[in-house]
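All remarks here apply to the structure that follows.
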Amino acid sequence: MDDREINKFVGMKIKEFRKNKKLTQQDLADLVGVKNSAISNYEQGTRIPKRDFLFRVANALGVSIDEFFPIQNEETSSILSEINKISSQLEEPRQKIVLNTATNQLDEQNQEKKKESKVIPINKIPDDLPPYISRKILENFTMPTNTMEYEPDEDMVDVPILGRIAAGLPLDAVENFDGTRPVPAHFLSSARDYYWLMVDGYSMEPKIPFGSYVLIEAVPDVSDGTIGAVLFHDDCQATLKKVYHEIDCLRLVSINKEFKDQFATQDNPAAVIGQAVKVEIDL
C-alpha cells in the first residue's frame, strides 16, 4: 500500500469503530479535542493523521492503535507488538516520553522524505524524449529553497508566492519570494511541492484573469489539454498555457482565442515545470 491507500484505510477504520460505538463525527471530535471537519477529513483519507491523534482516537473508541492499520508482515507486527507491550506497562509520564520519542523519529523521517522529493524525480523522465522537450530543465529543475513545509493537521497552509507568469507572451522566469497565500491543508498532497504564481497577461481569460493567482503543483509533465506552467530553455521564459503533445513539438494553447498558439520545438525547446491546480482572484 502507498501512503494515500494507507490514509484511506485508516480513515475507513476510524469510521467503522466510531459507528460501532454509535458516535457521530461531532461526538468523536469532542472526545479527542478537534473540529468536526477534521474527523470528516480523516475518515475520507484526505488528511494524514499523526500518531498522537490516533492514540487519542484509539482511547476514545476503546481499541488498539494497531487496529487502524493493515496487517503487517510477521517481523514488523512482532516489533510493534513488543513496543506496545512494553509501553503499556509504563506509567503515564514514561509513556509520554515514548510517544514524544516516536513522534520525533517520525517527524525526522518525514522531513528526510520531503527533502528527497524536492527534485522532480528523474526516473519519471523517459529516455526517448522528443527533441522539443528540454531534458536539462527537467533534470535540473528544483523547487526554490524558500518553499515552506506544512503540517497536515493545520486547517490552512501558507504557500509561497514566487513571482509572475505570463498568460500571453512568455515572461522571464521569476523566482522571487513575494509573501504567501493560504490553501486548505486537505487540498495539498504531502508528496508534492506547491507555489503560487501571479498571472500577467490576458491569454487565459476568462478562466484565468489578469492579476489572479494560480496554485502550481510541481510535476514534470501534464496530460494533453491540462493547463501547465512551461519554461523555455534558451531564454528562460515561462508561460501558462494548455499543453498538447504533438508529433514534433509541444503546442501551447491560449483559452482566449485572440492569442495565437505557441510552440516548443527542437530549435526552441521547453519543459513543463508544474500543473495549474487552483485559481484565486482578489477583488
With hydrophobic residues grouped by side-chain heavy-atom distances under 4.5 Å, do Phe68 and Leu23 end up in a single group?
yes
Does the side chain of Glu217 come within less than 4.5 Å of Leu215's, by heavy atoms?
no
If you count heavy atoms of other groups shown closer than 6.0 angstrom to NZ of Lys278, is the number above 12?
yes
Taking the side chain as C-beta and beyond, is there a heavy-atom pair between Leu90 and Ile97 under 4.5 Å?
no
Here the gap from Lys22 atom NZ to Asp27 atom CG, rounded to the nearest 0.5 Å, amounts to 12.5 Å
Please determine, by modelled atom types, if Asn268 and Thr265 share a side-chain donor-acceptor pair under 3.5 angstrom.
no
Sequence neighbours left out, what passes side chain to side chain contact (heavy atoms under 4.5 Å, CB included) with Ser212? Give chain and number order.
Val199, Ile208, Pro209, Val279, Ile281
Identify the two heavy atoms, one from Pro160 and one from Thr180, that lie closest to each other, and give their separation to 0.1 Å.
CA-CG2, 4.0 Å
Measuring only between side-chain heavy atoms, which start at C-beta, is Leu197 closer than 4.5 Å to Leu240?
no
Non-hydrogen side-chain atoms of Val57 and Val63 separated by less than 4.5 Å:
no
On a heavy-atom basis, the closest approach of Val222 and His245 is O-CE1, 3.1 Å
Aromatic plane relationship, Tyr202 with Phe210 - under 30° parallel, 30 to 60° tilted, over 60° perpendicular:
parallel
Trace of the side chain to side chain contact (heavy atoms under 4.5 Å, CB included) decision for Asn59 with Val32:
CA-CA 9 Å; Asn59 288 334; Val32 298; over 6 Å; no
Asn100: partners by side chain to side chain contact (heavy atoms under 4.5 Å, CB included), with sequence neighbours left out
none
With a 3.5 Å distance limit and no angle check, can you tell me whether Asn256 reaches the backbone of Glu205 through a side-chain donor-acceptor pair?
no
With side chain to side chain contact (heavy atoms under 4.5 Å, CB included) as the criterion, how do Val230 and Lys241 come out once you've worked through the C-alpha distance, each side chain's angles and the decisive distance to 0.1 Å?
CA-CA 8 Å; Val230 179; Lys241 291 289 186 287; 5.6 Å; no
Is it the case that one hydrophobic cluster holds both Phe263 and Val272, taking links as side-chain heavy atoms less than 4.5 Å apart, direct or via other members?
no
Mind listing the closest non-hydrogen atom pair of Lys207 and Ile255 along with its distance?
CB-CD1, 3.7 Å
Heavy-atom neighbours of Glu91 CD exceed 12 at 6.0 Å:
no
Do the non-hydrogen side-chain atoms of Arg56 and Val34 ever get within less than 4.5 Å of each other?
yes
Please find the pair of heavy atoms, one from Met204 and one from Lys242, that lie closest to each other, and give the distance.
CE-N, 4.0 Å
Full working for side chain to side chain contact (heavy atoms under 4.5 Å, CB included) between Asp261 and Tyr244
CA-CA 11 Å; Asp261 293 352; Tyr244 293 90; over 6 Å; no
Between Glu280 and Trp196, is there a side-chain heavy-atom distance shorter than 4.5 Å?
yes
Run the numbers on Val277 and Ile216 for side chain to side chain contact (heavy atoms under 4.5 Å, CB included), then give the verdict.
CA-CA 6 Å; Val277 295; Ile216 303 294; over 6 Å; no
Are Leu28 and Ile14 side-chain neighbours, meaning at least one heavy-atom pair lies under 4.5 Å?
yes
Taking all non-hydrogen atoms of both residues into account, name the closest pair between Leu61 and Lys21 and its distance.
O-CE, 3.0 Å
Going hydrophobic residue to hydrophobic residue with side-chain gaps under 4.5 angstrom, can you get from Phe53 over to Val98?
no
Can you name the nearest heavy-atom pair linking Phe55 to Ile65, along with the distance?
N-CD1, 4.0 Å
